[in-house]
Amino acid sequence: MMALTPLVYWAQRHEEIYLRVELADAQNIEAHVHENILHFQALGHGARGQNLYEFSMEFLLPVKSQVAFKSTQRQVNITVRKNQRGWWERLTKRERKPLFLAPDFDRWLDESDAEREIREKEERRNKWKASRHNEKGFISLKTGFLFTYNLVQFLGFSWIFVNMTIRLLKFGQDSVYDTFHTISGVMFFCQILAAVEVLNAAFGLVRTGVIPTLIQVLGRNFVLFIIFGCLEEMQNKPAVFFVFYLWSAIEIFRYPFYMLVCFNTEWKILTWLRYSLWMPLYPLGALAEAVAIVQSVPIFDKSDLFSIPLPKAIGTSLRFAYFLRAYLVLMFLGLFVNFRHLYKQRQRRFRTKKKAH
């Protein structure tokens, strides 16, 4: 079988060279350095199908003879350590690079970025060591407080979600109209407690924006206490069911994610759910809240509840229903602010740095 040359992508750090060989399902891999020349050979599926692929390249400066490589279903990753720490102006001894070689932009950094990466790693390592030294085997007060808060909220919203699900399966449509009378007590507790999140953000206990958190907490509490809590006519409407169910569906994934964050632990599935499920559920929850507010407008108009009487010369009153109509506009502006905030959070979490040089 005649050997072909695979596509190879490279990047470097001050102490290592990274090579990515575009060869799927590689077998019989041979990769070794002899007299500063890397020799590679493997059988796999490359740019020209299933075949034997090989290449050789002489490095610009001396490297260590040990070669580490790992094969995946899509590629072979090779790591070669430099003899001396430093930044190379190019990879190969020959000024003209081989045609099969190209920069690996997924891992590419210039020298200043690589130095910053080293400093950031060192700072994280020092902070971790310092925190471990300071805590000396016991949980810090801040960590214990945040974990307890998130645990209580998780248990509360889990009870709401499970209870509503079981009642829906057991009683069908009847459970929809009875949601407020069976669930509201726990929901009141959870939403009052949610004010702690605003304080956590304001005092820097958590790294999140105060304004988006305040918008969400005030918005939910307005619907819960004013629209549902003050109007008996609203308490038997299906809107209550949809609002409560969508709120709890979001929170049963958000709070356990934060519980793990307290101990610098991550569960990838939970992380994905926390940063993805809000995209359909958050707008649906806002829509359910808007429906509830629209349904409450004629009730407030009729009852004059919360209306402000004006002087007799004017001969009317400032009806609360007017405020509700304006609030609907503000609510969707708040939805936009929070949606953008959550989307930026998701981008930061899953973003892959790509730089072309």
Side-chain angles (χ1 to χ4, degrees), residues 120 123-124 127-128 130-131 134-135 139-158 160-161 187-225 243-244 246-286 288-289 327 330-353:
E120 289 173 353
E123 288 173 1
R124 286 197 297 269
K127 286 180 180 178
W128 181 82
S131 65
N134 292 333
E135 291 178 10
I139 300 173
S140 69
L141 184 62
K142 171 186 168 182
T143 301
F145 167 73
L146 291 175
F147 179 82
T148 302
Y149 168 77
N150 289 303
L151 175 61
V152 171
Q153 289 288 60
F154 170 65
L155 294 175
F157 280 106
S158 295
I160 292 171
F161 184 83
M187 184 62 80
F188 279 132
F189 170 79
C190 290
Q191 284 306 131
I192 291 173
L193 191 60
V196 173
E197 295 184 28
V198 181
L199 298 177
N200 289 343
F203 289 108
L205 293 180
V206 295
R207 303 173 92 184
T208 189
V210 178
I211 299 301
T213 306
L214 184 64
I215 289 174
Q216 179 172 336
V217 172
L218 288 182
R220 283 191 178 184
N221 284 342
F222 177 81
V223 172
L224 179 62
F225 288 94
V243 168
F244 283 13
L246 289 166
W247 285 357
S248 59
I250 293 173
E251 306 300 19
I252 59 175
F253 296 106
R254 189 167 72 97
Y255 286 114
F257 169 80
Y258 288 136
M259 289 163 60
L260 294 180
V261 168
C262 289
F263 298 101
N264 296 319
T265 305
E266 181 180 8
W267 184 25
K268 290 185 178 180
I269 296 177
L270 183 60
T271 300
W272 186 89
L273 290 171
R274 183 263 179 270
Y275 284 102
S276 302
L277 278 183
W278 65 266
M279 288 189 286
L281 295 181
Y282 186 62
L284 288 174
E289 294 172 30
Y327 178 81
L330 294 175
M331 188 182 80
F332 282 101
L333 289 176
L335 172 66
F336 172 76
V337 172
N338 263 5
F339 200 95
R340 186 176 64 174
H341 170 71
L342 291 169
Y343 184 72
K344 285 182 177 179
Q345 278 189 329
R346 189 178 194 277
Q347 278 189 316
R348 284 196 297 268
R349 192 75 189 188
F350 297 119
R351 142 181 94 186
T352 301
K353 272 180 140 184

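Along the sequence shown, the residues carry numbers beginning at 1. As the structure is a computational prediction, the values presented were derived from the model and not from experiment.
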Query raised in the report: Hey, would you say the Phe263 and Phe147 ring centroids sit under 6.0 Å apart?
Result: yes
- Message: Using side-chain contact (heavy atoms from CB on, under 4.5 Å), reason through Ile192 and Phe225 one step at a time and then give a plain yes or no.
- Response: CA-CA 10 Å; Ile192 291 173; Phe225 288 94; 3.5 Å; yes
TODO: Would you indicate whether the side-chain heavy atoms of Ile250 and Phe157 approach each other to under 4.5 Å?
DONE: no
Residues at least two apart in sequence or cross-chain that pass side-chain hydrogen bond (donor to acceptor under 3.5 Å, both in side chains) with Ser158, listed by chain then number, are none
Next on the checklist: Under 6.0 Å between ring centres: does that hold for Tyr149 and Tyr258?
Outcome noted: no
Exercise. Look at atom CZ of Phe189 and say whether more than 12 heavy atoms of other residues, nucleotides or ligands are closer to it than 6.0 Å.
Key: no
side-chain hydrogen bond (donor to acceptor under 3.5 Å, both in side chains) filter on Tyr327, not counting sequence neighbours, yields none
To the nearest 0.5 Å, atom CG of Leu214 lies from atom CG of Leu199 at 10.0 Å
Is the ring centre of Trp278 less than 6.0 Å from the ring centre of Phe339?
yes
Output for pair (Leu246 CG, Phe161 CZ), nearest 0.5 Å, gives 9.5 Å
Rounded to the nearest 0.5 angstrom, the CG-CE distance for Leu342 and Met279 is 10.0 Å
Heavy-atom closest pair (Cys262 atom, Leu146 atom, distance to 0.1 Å) is SG-CB, 3.7 Å
Side chains of Tyr255 and Val152: does their closest heavy-atom pair fall under 4.5 Å? no
Rounded to the nearest 0.5 Å, the CZ atom of Phe257 sits from the CD atom of Glu266 at a distance of 6.5 Å
Minimal heavy-atom distance between Val223 and Glu289, with the atoms involved, is CG2-OE1, 3.9 Å
**Prompt:** If only atom types and distance count, is the side chain of Gln191 paired as donor or acceptor with the main-chain N or O of Val217 below 3.5 Å?
**Reply:** no
### Query
Would a 4.5 Å heavy-atom cut-off, applied to side chains only, mark Phe145 and Asn200 as touching?
yes
The reported gap from CD in Gln153 to CG in Leu193 (rounded to nearest 0.5 angstrom) is 4.5 Å
Do Leu218 and Asn221 touch side chain to side chain, with heavy atoms closer than 4.5 Å?
-> no
Does a side chain donor of either Glu197 or Thr213 reach within less than 3.5 Å of an acceptor in the other side chain? no
Rounded to the nearest 0.5 angstrom, the CE-SG distance for Met187 and Cys190 is 7.0 Å
Check whether any side-chain heavy atom of Arg346 lies under 4.5 Å from a side-chain heavy atom of Trp272, and answer yes or no. yes
